[in-house]
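Read the numbers this way: they start at 1 and go in the same order the structure lists the ligands and their atoms. Everything numeric here is computed off the predicted structure, so don't read it as measured data. Quick note: residue numbers are just sequence positions, from 1.
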Amino acid sequence: MPLPKSINTIASRLANADLTQREEDVRRAILKAFGTSGTSLTVGDIITLVQGLNRHDLSRICCKLAERDLIVWDETGQCVQSAYPFSGLPTAHKVHLKDGPAVFALCAVDALGMPVMLGQAAHIVSRCAHCDAPIEVAVSDEGLGQYRPRDSVVWFPLAEDVCCPVAQSRCPDINFFCSTEDRNAWWQARDRPEGLPMTMVEAFEAGREIFGSLLTRSASNPG
Ligand SMILES: [Zn+2]
């Protein structure tokens with residue numbers, strides 16, 4: 001089941017961001033560096049990654065990327081705290097990359113899409129958002145691998161909250177559950193907005209669709 005076209009994903013925000021080649025270079029450098037270091041990045045980290053970039057240009061570009069909700073720029077304006085799918089702050093979803101570090105993902109679908117984006121296998125360790133039971137998911141070069149428990153599912157909220165970055169509004173509600181029963185119990189116990197129940201296969205396909213081309217697409221604006 002693909003996500004409805006109306007959903008504001010990182011892929012749709014990027015498609016509408018109208019980035020120049022230079023801005024696109026910075027965006028990709030941030031994602032690649034996050035996948036290598038597993039931690040948030042300072043201005044000093046990023047400036048060494050893109051040739052011919054000064055601090056003023058970099059700050060302006062990072063502000064634009066944050067305005068388009070492609071990264072989360074911290075309050076001091078000195079640090080990329082998160083860059084979808086990566087979180088510089090701890091979350092429930094830790095992705096152990098085969099050729100890299102263990103890095104936190106902003107949500108369950110981001111965790112599933114991250115290995116596809118990076119083109120490497122990974123082992124995801126998360127937990128049921130209702131009962132806290134551990135949930136583990138393997139992603140191989142071929143796609144979704146084994147996962148435990150076998151009844152694990154995902155929930156994806158459909159409501160849009162435009163008050164703040166998606167990382168803060170929607171991501172905390174995109175979670176794994178150990179079973180459909182626990183997902184339903186979680187949903188009923190709280191005043192939750194409408195959402196899309198997903199099997200693990202559907203959630204992986206959503207992750208692949210959203211993140212699969214984030215590092216391979218071409219810039220929309222050659223300027
Ligand atoms: Zn559970």
Would you say that P157 contacts I174 through its side chain, given a criterion of any heavy-atom pair below 4.5 Å between the two side chains? yes
Geometry at the Zn ion (ligand 1) - C128 SG versus C178 SG angle, rounded to 10 degrees: 120°
Show your working on salt bridge (Lys or Arg N to Asp or Glu O under 4.0 Å) between E67 and K64 and close with a plain yes or no. CA-CA 5 Å; E67 274 172 21; K64 177 172 176 179; over 6 Å; no
For the Zn ion (ligand 1), what is the closest N, O or S atom on D182? OD2
Is the Zn ion (ligand 1) less than 2.8 Å from an N/O/S atom of H130, whether that atom is in the backbone or a side chain? no
Does the plane of the ring in F86 sit parallel, tilted or perpendicular to the ring in F34? Use 30° and 60° as the thresholds. parallel
State whether a side-chain donor-acceptor pair under 3.5 Å links D74 with Q78. no
